[in-house]
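This report refers to the structure that appears directly beneath it.
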Amino acid sequence: MFNVLNLLFLALLGPFTLNAKTIKDFSQEYIQNNAKIFESQKSVETAELNILTKKYTKTWTLSGTVSYTDSQLESSSTYSSYPTLFDSYGLTLQKSFEWGGTLSFNQSINRSKAKLAASEIAFASQEVSYGQSLGKDFFGKGFRKDLEVLENGRELSQVGFNEAKSQGLSELLGLALKGKLNKTLFELQGEVIKRAKKRLALVKMRVRDGLREKADLYQAESLLLSQIEQKNSFNETLAIISSQMGGLLNRKVEPSEFTPFDLAKFELMMVPEGSLEANYSLRSLEILKRMKMIEMQRAKLNMLPEVTLTTSYKTNDYDASKGDAFGHSILGQPNDEKTIALTVKWNIGNKLERVARTKAKISQDVATFNLLAKKRAIIEHENALKSQLYLINQRLQSNKKRVRLANNSLNEYSKLYRKGRADLDQVIRAEEEVINTERGLAQLISNSNEIFYQLHFLYGSLENFLLK
């Protein structure tokens, strides 16, 4: 009897519902606190920065040089040492453009002075040039392809972020539904124990009055102990689920935060509105396929030669002072030079480029195959979930009636037992039927909710549904 009281006390220490939370509460907390979601969000920001990094390669650059030389080298004209001082200054301003052009301006000033002579010579020049790519980066076509890949990468990161949230919420929902199911079973078991205690009290009284044998008493006591152990088992499972939920939410989750299913009032879950076109996995594969197609186009461009058309305009002046040399070398002076040049560079045979193109083609074919295979698998999965939900709804309606009938049967057998017209075994079988049908109903409700959420996951609408 002492052990029975101990087990009863442990069972009553089960979770309370003072801090109960809804699935929406858990979902909001998960989105705000989960480390994987935070990391995935930062990957979107990184993808955006990758685009800016590529764009910023086409920017203005300014470079300058200053040098001073004291030379004791021999002269080619006197075959002897000719001590000379040199100083030079250079400034270059350059801008690359997205259309494959490069504009450059160069200013240089040099001065030389022989140590053994009083005179000095200054030289200054200005040059402006423009080069335009006409080959593999024809008017910036290659740059734009590279930019398209990065922009698609940003879109892929955004879809990946949404998919990470959706997958995380799906995992969270799985645990939350397990928690609700075990909380339901825990509370149902509490009702079972109450009935078992009343039955034990009745059996004791009838045994004391000589109306029943002690075998009934032993059987009733054993059954009570078994039911108490079962309730403690549900409590242990609930504690494990709470710990797993805590890992997702980065905090301690109490069993009291789970709410049970309402077996008396529940709605049949219908197929939600949605389309597989919004499925995150399919969208990711479609973007990946598009990226591989762009990379294939880029590989074809790389097979073209590098062709650059360059034009330049230059002026210069030699004078006795740097100031005069600079003034007489400004662009527009008559002492000028005009140049136009065409540069061609081509890897004969394009062996490296052909290998790169073949690899790009293989990647494109793999991406196309994976997309088609994923579409077929998701369509089959969608159809299977819809069929399961339809069948579960039918079973739910039937099971709800069976619960009512099982409870009525138990009540009738209990009355007959009190009147001595039924055996304890018949009451126990009726009790087991109540337990099985109620547990079955709770499991079906949990399954229907899980399938409903899985369909939302397939349609890419899980987050919006939970957090709206």
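Every value quoted in this text rests on a predicted model; they were computed, and no experiment measured them.
- In this structure a side-chain-to-backbone donor-acceptor pair under 3.5 Å is present from Gln107 to Ser125.
- Between Leu169 and Glu463 the shortest side-chain heavy-atom distance falls below 4.5 Å.
- Around atom OH of Tyr313, more than 12 heavy atoms belonging to other residues, nucleotides or ligands sit under 6.0 Å away.
- Counting only N and O atoms by type, the side chains of Asn50 and Thr53 include no donor and acceptor under 3.5 Å apart.
- For the pair Phe258/Ser242, a side-chain contact is recorded, criterion being any heavy-atom separation below 4.5 Å from C-beta on.
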Legend entry - Full working for salt bridge (charged side-chain N to carboxylate O under 4.0 Å, His left out) between Lys292 and Glu295: CA-CA 5 Å; Lys292 297 303 180 182; Glu295 290 175 1; 3.7 Å; yes
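- Asn182 places no side-chain N or O within 3.5 Å of a backbone atom of Leu238 that could act as its donor or acceptor partner.
- Although no hydrogens or angles enter the test, the distance criterion places no donor-acceptor pair under 3.5 Å between the side chain of Glu380 and the main chain of Ala377.
- Looking at Thr57, its side chain does come within 3.5 Å of a backbone N or O of Lys54 through a donor-acceptor pair.
- A donor-acceptor pair is defined here as one N or O able to donate and one able to accept, closer than 3.5 Å; such a pair exists between the side chain of Ser157 and the backbone of Gly153.
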Legend entry - Derivation and outcome, side-chain contact (heavy atoms from CB on, under 4.5 Å), residues Phe105 and Leu331: CA-CA 11 Å; Phe105 171 79; Leu331 295 176; 4.1 Å; yes
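- Enclosure of atom CD in Gln28 by more than 12 non-hydrogen atoms of other residues, nucleotides or ligands within 6.0 angstrom is indicated.
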Inset, instruction - List the steps, then state whether side-chain contact (heavy atoms from CB on, under 4.5 Å) holds for Phe261 with Leu177. - result: CA-CA 9 Å; Phe261 292 115; Leu177 289 174; 4.0 Å; yes
Inset, instruction - Test side-chain contact (heavy atoms from CB on, under 4.5 Å) on Asn449 and Ile23 and set out the steps. - result: CA-CA 11 Å; Asn449 276 269; Ile23 286 181; 5.9 Å; no
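- With a 4.5 Å cut-off on side-chain heavy atoms, Asp25 and Glu257 do not count as touching.
- Residue Thr102 holds its OG1 atom at 9.0 Å from NZ of Lys95, rounded to the nearest 0.5 Å.
- Side-chain atoms of Arg283 never come within 3.5 Å of backbone atoms of Glu277 as a donor-acceptor pair (strictly under, hydrogens ignored).
- Side-chain N or O atoms of Ser170 include none that pairs as donor or acceptor with a backbone N or O of Gln167 at under 3.5 Å.
- A 4.5 Å side-chain heavy-atom check between Leu389 and Leu455 finds at least one atom pair inside the cut-off.
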Donor-acceptor list for residues 436-445 side chains, cut-off 3.5 Å, not counting sequence neighbours:
residue	atom	partner	partner atom	Å
Asn436	ND2	Glu432	O	3.1
Thr437	OG1	Glu433	O	2.8
Thr437	OG1	Val434	O	3.0
Arg439	NH2	Gln189	OE1	2.8
Gln443	NE2	Asn447	OD1	3.0

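- No side-chain donor-acceptor contact under 3.5 Å links Thr315 and Asp336.
- Listed for the Asn152 side chain is no donor-acceptor partner under 3.5 Å among the backbone atoms of Leu288.
- Ser387 places a side-chain N or O within 3.5 Å of a backbone atom of Asn383 that can act as its donor or acceptor partner.
- Of the N and O atoms on the side chains of Ser281 and Glu163, at least one donor lies less than 3.5 Å from an acceptor on the other residue.
- With sequence neighbours excluded, the residues satisfying salt bridge (charged side-chain N to carboxylate O under 4.0 Å, His left out) with Glu155 are Arg290.
- Between the side chain of Asn110 and the backbone N or O of Ser88, no donor-acceptor pair lies under 3.5 Å.
- The aromatic rings of His456 and Phe465 sit parallel to each other, their planes meeting at less than 30°, with 60° as the upper class boundary.
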Legend entry - Derivation of the side-chain contact (heavy atoms from CB on, under 4.5 Å) call for Tyr30 and Lys165: CA-CA 9 Å; Tyr30 175 78; Lys165 290 190 290 183; 6.0 Å; no
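- In this structure, the side chains of Asp87 and Val66 stay at 4.5 Å or more apart for every pair of heavy atoms.
- With a 6.0 Å radius and a threshold of 12 heavy atoms from other residues, nucleotides or ligands, Leu405 has its CG atom above the threshold.
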